[in-house]
Every structure is written in C-alpha cells, then in structure tokens.
Amino acid sequence: MTSSREKMPIAVLISGTGRTLKNLIDKINAGELDVEIRLVVSSSKNAFGLQYAEQAGIDVAIVESSNYGNREMFSEAVFEPCRLAGVRYVVMAGYLKLLKIPADMHNRVLNIHPSLIPSFCGKNMYGRLVHEQALNRGVKVSGCTVHFVDDHYDNGPILIQETVKVKSNDTVESLSDRVLHEAEFVAYPRALQLLAENRVEIVYTEGEERPRVVIKDE
C-alpha cells in the first residue's frame, strides 16, 4: 500500500451494530486499506452503526424493506444510491436482508459470514446461531468467509477464509468474539485490499457447479 494509490470506492450495507463498518473505517484511517467508503446504506433507521458513518462524515441512506412491495423493488432502492455514488463494490457488513443482485452488480457485491462456508450457513444462519451450531457439532476449527453475493444466502464464490481454533471451554460468546476480532476484522480488510490491487479474478470452468476465485501472485 502507498499513499499515492487511488482509493477504491465502496458502499457499505449495515443492519445493526456497525462493528465491521467501524473496523473498515479504522483500517482506512490507519493507512492500511486503500478504500474510500462513499456511502453507508442501512436497512433500519435505528441501526447503531449509523453513528460511525456520521462521525466519519460518510453519506448515509436509509432503505427499509417495509416501504417496498417486493424484493426486486427493495433491492433496486438499495443499489441505486450505490450507483449514484460511483462505487466499485458494495460491501455487506452485518446486513441481514436478502437482495436481488442486478446484472450490473454481478460479482460486485461482497459479504462476510462467521463460519467456514459451506458449514453452518444459509437461510436464518447468522449471528449467535452460527456459533451455537459450530459448538454443538464439536468442530475444532471455525472462522469466517468473505464471498461474492448472488441471489441465494451464502452461496457465491469464496474470496478468502480466515480460521480460528475452537477451544474446549469455548462458549457461544467467547467463540463469537474471537471469530469477530481474529478472523472477520482481518479477513474483510484483506479481501478489499486484494480487490483494490486488482489481484482478484473469477474463473468459470466448464463442468464446475460455480465459479472459483483466483488470487494473483499467491
């Protein structure tokens, strides 16, 4: 990273606490991430994370699904301000709404999930439930996954994964905290920096169920 590198413009979608948004803002301010957050879109006017956007002077849009008749209309209302802001990628950060990805946003929407996909993912698998399932299954390793978003929950091509060890005395709270701080807070900035450096390629191979992500120079 260099100070002369052009910043990659993104929009960040939030629904709640905004901890992931704050982490990205902190990384940018520390000179560790070549990204400019041009817009924060919240699915709720009461999302706590909005304060981080306001403190950082980032434009905010509130788009609540209850104001729209169907998923397509709601999704268009989310993506249109992102287009107007001129962002290169749309970054889901604790965003809990399923969106219909329009053609012009194909492979331009990212999400982070608090498990190693394909484990403990899919509809209704978010937050504390993910870690409950991991502990109940007795896994020895957990972590997070940064992936591109399609029209299904946790289904798009995987960009990167970050792992943490599961300890014998872990609780849902301790595992959740460690995955957040040791995996998610590391993986998402790294994924975005790879994109900012144009080192990510999505490869389509005949016969494979879904495309794969190739990281150049790795």
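What you are looking at is a predicted structure, and each value in this text was computed from that prediction instead of being measured. Along the sequence shown, the residues carry numbers beginning at 1.
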Worksheet item: For the atom pair CD1 (Ile37) and CD1 (Ile28), what is the distance rounded to the nearest 0.5 Å?
Response: 4.0 Å
Worksheet item: Which atom names give the shortest non-hydrogen contact between Phe79 and Lys100, and what distance separates them?
Response: CE1-O, 3.7 Å
Worksheet item: Of all heavy-atom pairs between Ala53 and Val40, which one has the smallest distance, and what is that distance?
Response: CB-CG2, 3.8 Å
Worksheet item: For the atom pair CD (Gln55) and CG (Leu50), what is the distance rounded to the nearest 0.5 Å?
Response: 11.0 Å
Discussion item. Does any part of the side chain of Gln193, heavy atoms only, come nearer than 4.5 Å to the side chain of Asp34, both counted from C-beta?
Written reply: yes
Item to complete: Mind checking the OG1-CG spacing from Thr171 to Leu135? Nearest 0.5 Å is all I need.
Response: 7.5 Å
Worksheet entry | Hydrophobic cluster identity match, Ile202 and Ile160, side-chain contacts under 4.5 Å | yes
Worksheet item: So, do Tyr188 and Thr20 sit near enough that their side-chain heavy atoms are less than 4.5 Å apart?
Response: yes
Worksheet item: In the single-linkage hydrophobic clustering (I, L, V, M, F, W, Y; side-chain heavy atoms under 4.5 Å), do Val164 and Phe185 co-cluster?
Response: no
Item to complete: Assess whether atom CZ of Arg210 is packed by more than 12 heavy atoms of other residues, nucleotides or ligands within 6.0 Å.
Response: yes
Worksheet item: With the 4.5 Å side-chain cut-off for hydrophobic clustering, are Met73 and Val78 part of the same group?
Response: yes
Item to complete: List, by chain and then residue number, the residues other than Tyr153 in its hydrophobic cluster (Ile/Leu/Val/Met/Phe/Trp/Tyr, side-chain heavy atoms under 4.5 Å); write none if there are no others.
Response: Leu98
Fill in: Nearest non-hydrogen partners of Gly122 and Asp154, listed with the distance
N-OD2, 2.8 Å
Item to complete: Only one of Glu184, Met92, His147, Glu162 passes side chain to side chain contact (heavy atoms under 4.5 Å, CB included) with Ile112; say which it is.
Response: Glu184
Worksheet item: Is a side-chain donor or acceptor of Gln161 paired with a backbone partner of Ile117 at a separation under 3.5 angstrom?
Response: yes
Discussion item. To check you understand the geometry: which heavy-atom pair defines the closest contact between Asn198 and Lys216, and what is its length?
Written reply: O-NZ, 3.6 Å
Worksheet entry | Shortest non-hydrogen contact between Ala11 and Cys82, atoms and distance | CB-SG, 3.7 Å
Practice prompt. Apply side chain to side chain contact (heavy atoms under 4.5 Å, CB included) to the pair Leu192 and Leu110, showing each step before the final yes or no.
Written response: CA-CA 9 Å; Leu192 292 174; Leu110 297 162; 3.7 Å; yes
Practice prompt. For the residue pair Phe74 and Tyr95, categorise the inter-ring angle as parallel (less than 30°), tilted (30 to 60°) or perpendicular (more than 60°).
Written response: parallel
Worksheet item: CZ of Arg19: more than 12 outside heavy atoms within 6.0 angstrom?
Response: no
Practice prompt. Answer yes or no: is there a side-chain heavy-atom contact under 4.5 Å between Leu195 and Leu159?
Written response: yes
Worksheet item: Would a hydrophobic clustering, with Ile, Leu, Val, Met, Phe, Trp and Tyr connected at side-chain separations under 4.5 Å, put Val179 with Leu21?
Response: no
Discussion item. Does any part of the side chain of Val139, heavy atoms only, come nearer than 4.5 Å to the side chain of Ser119, both counted from C-beta?
Written reply: no
Discussion item. So Leu180 and Pro114, do their side chains get closer than 4.5 Å, heavy atoms only?
Written reply: no
Item to complete: Could you grab the distance from atom NZ of Lys22 to atom CD of Gln51, nearest 0.5 Å is fine?
Response: 9.5 Å
Worksheet item: Charged N to carboxylate O under 4.0 angstrom, Arg178 versus Asp170?
Response: yes
Discussion item. If I take atom CD from residue Glu36 and atom CZ from residue Arg88, how far apart are they, to the nearest 0.5 angstrom?
Written reply: 13.0 Å
Item to complete: Please tell me if the side chains of Val91 and Val35 come closer than 4.5 Å, counting only heavy atoms from C-beta onward.
Response: no
Worksheet item: Taking only residues at least two apart or on different chains, which pairs with a member in residues 75-84 satisfy side chain to side chain donor-acceptor pair (under 3.5 Å)?
Response: Glu76-Arg83, Glu80-Arg83, Arg83-Asp104
Worksheet item: Once you round to the nearest 0.5 Å, how far does OG of Ser115 lie from CD of Gln133?
Response: 10.5 Å
Worksheet entry | Minimum side-chain heavy-atom gap Ser43-Leu96 below 4.5 Å | no
Worksheet item: Shortest non-hydrogen contact from Val130 to Phe120?
Response: CG1-O, 3.8 Å
Worksheet entry | Shared hydrophobic cluster for Ile58 and Leu84 (ILVMFWY, side-chain gaps under 4.5 Å) | no
Fill in: Reference residue Phe148; test side chain to side chain contact (heavy atoms under 4.5 Å, CB included); the match among Val109, Ile101, Val200
Val200
Worksheet item: Is Val63 close to Leu13 at the side-chain level, that is, under 4.5 Å between some pair of heavy atoms?
Response: no
